Undergrad: 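Have a look at this one before I ask anything.
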Amino acid sequence: MEFIVTSDDSQGKMYPGMIITYKVSPLFGIHLNWMTEITQVAPEKYFIDEQRFGPFKFWHHQHHFKAIEGGVEMTDILTYALPLGVLGTIAHNLMVRNKVKEIFTFRENKVIELFGSFVH
C-alpha cells in the first residue's frame, strides 16, 4: 500500500492542531487523499491523531510510549469505522482489516530496522 506524506513537516515538532496530509493507495492502485489532525500530545507519553478527511468514516489513533529497561514500549489503540453501511462491513471483512494490519506490520518492521528489536 502506497503511503506518502504530502504535508510539510519541516518544523520537526508535533503539536495539537497539526495537520498531516497523505496520498494512500489502499486498493487496486486507486490514489486517495487522507488528512489527519494531531489532537493531543503529551511528549514522551502519547499522541493522538484523528482523520479529518479520508477513506474512513471514523479514525481515532492513540500512540502510547512507555520507557522500559533497554528501550521504549510502543502501544497503539486504534478505533475506526468504514462508510457505506453493510458494504463497508463486507469490505472490512474482505480487505480493509488486512490492509490495516499490513500498515502496522510495515511500521513495526521499519521501527525494528531503524532501532533494532527488543529482546527480553
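What you are looking at is a predicted structure, and each value in this text was computed from that prediction instead of being measured. We count residues from 1, following the sequence as given.
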Undergrad: Any non-hydrogen side-chain atom of Pro16 less than 4.5 Å from a side-chain atom of Gln40?
TA: no
Undergrad: Does the side chain of Arg107 reach to within under 4.5 Å of the side chain of Met74, using non-hydrogen atoms?
TA: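 Yes, at least one pair of side-chain atoms sits under 4.5 Å.
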Undergrad: Determine, using the 4.5 Å side-chain heavy-atom cutoff (strictly less than), whether Val41 and Tyr15 are members of one ILVMFWY cluster.
TA: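 Linked, Val41 and Tyr15 end up in one cluster.
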Undergrad: Once side-chain contact (heavy atoms from CB on, under 4.5 Å) is applied, do any residues pair with Leu78, and if so which ones, sequence neighbours excluded?
TA: Trp59, His61, Tyr80, Val100, Phe104
Undergrad: Would a distance-only check, ignoring hydrogens and angles, find a side-chain to backbone donor-acceptor pair under 3.5 Å from Glu73 to Ile68?
TA: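 No; judged by distance alone, with no hydrogens or angles, the pair does not exist.
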Undergrad: At their closest point, which heavy atom of Glu37 faces which heavy atom of Gly17, and how far apart are they?
TA: OE2-CA, 3.5 Å
Undergrad: Between Lys23 and Asn33, is any pair of side-chain heavy atoms under 4.5 Å apart?
TA: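 The answer is yes; the side chains approach within 4.5 Å.
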Undergrad: What heavy-atom pair brings Leu32 and Pro55 nearest, and what distance separates the two atoms?
TA: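 So the minimum-distance heavy-atom pair works out to CD1-CB, 4.0 Å.
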Undergrad: Roughly how far, to the nearest 0.5 Å, is the NE2 atom of His92 from the CG atom of Leu87?
TA: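 If I round to the nearest 0.5 Å, the distance is 14.5 Å.
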Undergrad: Are Glu108 and Phe106 side-chain neighbours, meaning at least one heavy-atom pair lies under 4.5 Å?
TA: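 Side chain of Glu108 against side chain of Phe106, heavy atoms only: no contact under 4.5 Å found.
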Undergrad: Check for me, please, whether Val24 and Met35 land in the same ILVMFWY cluster - side-chain distances under 4.5 Å, paths through other members count.
TA: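 No; Met35 is not reachable from Val24 via cluster members.
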Undergrad: Verify the distance criterion only: is there a donor paired with an acceptor across the side chains of Tyr22 and Thr36 at less than 3.5 Å?
TA: yes
Undergrad: Should Thr79 and Phe58 count as side-chain neighbours, where that means a heavy-atom distance under 4.5 Å?
TA: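 With C-beta onward as the side chain, the pair touches.
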Undergrad: If two hydrophobic side chains count as joined below 4.5 Å and joins carry through other members, does Phe65 share a cluster with Leu114?
TA: yes
Undergrad: Mind checking whether Val86 and Phe56 sit in one hydrophobic cluster, side chains of I, L, V, M, F, W, Y counted as touching below 4.5 Å?
TA: yes
Undergrad: Answer yes or no: is there a side-chain heavy-atom contact under 4.5 Å between Tyr46 and Gln62?
TA: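 The answer is no, as the side chains (C-beta and beyond) never meet within the 4.5 Å cut-off.
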Undergrad: Under the side-chain hydrogen bond (donor to acceptor under 3.5 Å, both in side chains) test, which residues partner Thr21, sequence neighbours left out?
TA: Thr6
Undergrad: Nearest 0.5 Å please: distance from the CG atom of Asn98 over to the OG1 atom of Thr105.
TA: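 That separation rounds to 10.0 Å.
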Undergrad: With sequence neighbours excluded, tell me which residues meet side-chain contact (heavy atoms from CB on, under 4.5 Å) with Glu50.
TA: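 Glu50 satisfies side-chain contact (heavy atoms from CB on, under 4.5 Å) with Thr39, Ile48, Arg52, His60 only.
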Undergrad: Report yes if some heavy atom in the side chain of Val5 is under 4.5 Å from a heavy atom in the side chain of Ile20; otherwise report no.
TA: yes
Undergrad: Is there side-chain contact between Lys66 and Thr75, with heavy atoms separated by less than 4.5 Å?
TA: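 A side-chain contact is absent here, since even the closest heavy-atom pair is not under 4.5 Å.
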